[in-house]
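As structure tokens, the structure follows; a few thoughts come after it.
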Amino acid sequence: KRILRRKNDYAYLENGADLVGIQLIPASPVMFFEKMLAEIHLFKIRLYEEWRGGKNIYMCFGPARSFSKRLYTTLRYPDDYPTDAYSYLFAKREGYTFVPISNPPAIFKVPSTFTDYMRQSSRFSSGNVKLASIFDAKLLHTELAISPFIFFRALLIELIAHPVYLICF
């Protein structure tokens with residue numbers, strides 16, 4: 001295996017992988033709102049890992065990606081586009097490989113206020129609209145649409161395991 005090491009960060013490039021997505025886990029939450037968002041994030045991770053074995057756009061997180069030289073020498077970001085989704089879709093369209101890894105994870109802090117959460121959510125939504133101007137609609141649909149069976153099964157499990165957080169969300 002080839003390993004790319006950066007100061008205080010480890011990102012593994014598996015044999016043949018061009019784009020590696022490193023799992024993000026929430027830092028220990030303090031307030032109820034943070035706990036709710038942290039649990040919802042973990043629910044989404046379980047959902048995304050199950051869908052296509054984790055090889056999907058939702059496992060390609062912005063601050064936790066590594067690129068092969070072959071990919072990063074051809075990748076050019078347009079201004080004001082979501083770089084994580086763009087890099088994943090570009091890699092898929094051009095025939096590069098994506099590998100998600102969960103160990104070691106990267107740790108992030110969930111938003112602590114509703115305003116911060118909404119700002120983050122609106123960037124995600126507006127980013128998908130922008131991506132539609134560059135990428136084929138069929139590719140976008142294929143990559144963004146999670147199987148309803150997988151979604152509802154995961155939702156039911158989450159509702160049983162963490163009903164308060166899910167209902168509050």
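A salt bridge (Lys or Arg N to Asp or Glu O under 4.0 Å) check over residues 71-88, counting only residues at least two apart or in different chains, returns the pairs Asp80-Lys130. Among pairs with a residue in residues 83-103, those fulfilling ring pair (Phe, Tyr, Trp, His ring centres under 6.0 Å) read Tyr77-Tyr86, Tyr86-Phe135, Tyr88-Phe98, at least two apart in sequence or across chains. The side-chain hydrogen bond (donor to acceptor under 3.5 Å, both in side chains) contacts involving residues 22-34 comprise Gln23-Glu49, Glu34-Lys109, where partners must be two or more places apart or lie in separate chains.
Shown here are the ring pair (Phe, Tyr, Trp, His ring centres under 6.0 Å) partners of Tyr72, two or more places apart in sequence or in another chain: there are none. When the side-chain contact (heavy atoms from CB on, under 4.5 Å) test is applied to Leu144, the partners found at least two apart in sequence or on another chain are Ile57, Tyr58, Asn128, Leu140. Under the salt bridge (charged side-chain N to carboxylate O under 4.0 Å, His left out) criterion, Asp116 pairs with Arg119, not counting sequence neighbours. Annotation: salt bridge (charged side-chain N to carboxylate O under 4.0 Å, His left out) contacts of Glu158 (sequence neighbours excluded): Arg46. Residues satisfying the side-chain hydrogen bond (donor to acceptor under 3.5 Å, both in side chains) criterion with Thr97, sequence neighbours excluded, are Asp18. Every residue two or more places apart in sequence or in another chain was checked for a side-chain hydrogen bond (donor to acceptor under 3.5 Å, both in side chains) with Ser112, and none qualifies. A search for ring pair (Phe, Tyr, Trp, His ring centres under 6.0 Å) contacts involving Phe151 returns nothing, not counting sequence neighbours.
No chain of hydrophobic side-chain contacts below 4.5 Å, direct or via other Ile, Leu, Val, Met, Phe, Trp or Tyr residues, connects Ile160 to Ile45. When the side chains of ILVMFWY residues are joined at heavy-atom separations under 4.5 Å, either directly or via intervening members, Met36 and Ile107 end up in two distinct hydrophobic clusters. Residue Ile25 is not grouped with residue Val30 when hydrophobic side chains (ILVMFWY) are merged at heavy-atom distances under 4.5 angstrom, including chains of intermediate members.
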So Lys69 and Thr73, side-chain contact (heavy atoms from CB on, under 4.5 Å) or not? Walk me through it.
-> CA-CA 6 Å; Lys69 183 176 182 178; Thr73 56; 3.9 Å; yes
Residues Phe61, Phe108; criterion ring pair (Phe, Tyr, Trp, His ring centres under 6.0 Å); working and verdict | CA-CA 11 Å; Phe61 297 110; Phe108 78 103; 7.9 Å; no
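A distance-only check finds a donor-acceptor pair linking the side chain of Asn56 to the backbone of Trp51 [under 3.5 Å].
The two residues Lys55 and Pro100 make their nearest non-hydrogen contact at CG-CD, 3.7 Å.
Under the 3.5 Å distance criterion, with hydrogens and angles disregarded, a donor-acceptor pair is assigned to the side chains of Arg65 and Thr83. In summary, the side chains of Ser87 and Tyr81 do not present any donor paired with an acceptor at a separation below 3.5 Å, with no hydrogens or angles considered.
Atom CD of residue Gln120 and atom OG1 of residue Thr115 lie 12.5 Å apart, to the nearest 0.5 angstrom.
Between Phe33 and Thr113, the closest side-chain pair of non-hydrogen atoms is not below 4.5 Å.
Alongside Val129, the hydrophobic cluster contains no other residue (criterion: ILVMFWY side chains under 4.5 Å). Grouped by direct or indirect side-chain proximity (heavy atoms under 4.5 Å, Ile/Leu/Val/Met/Phe/Trp/Tyr only), Ile157 sits alone.
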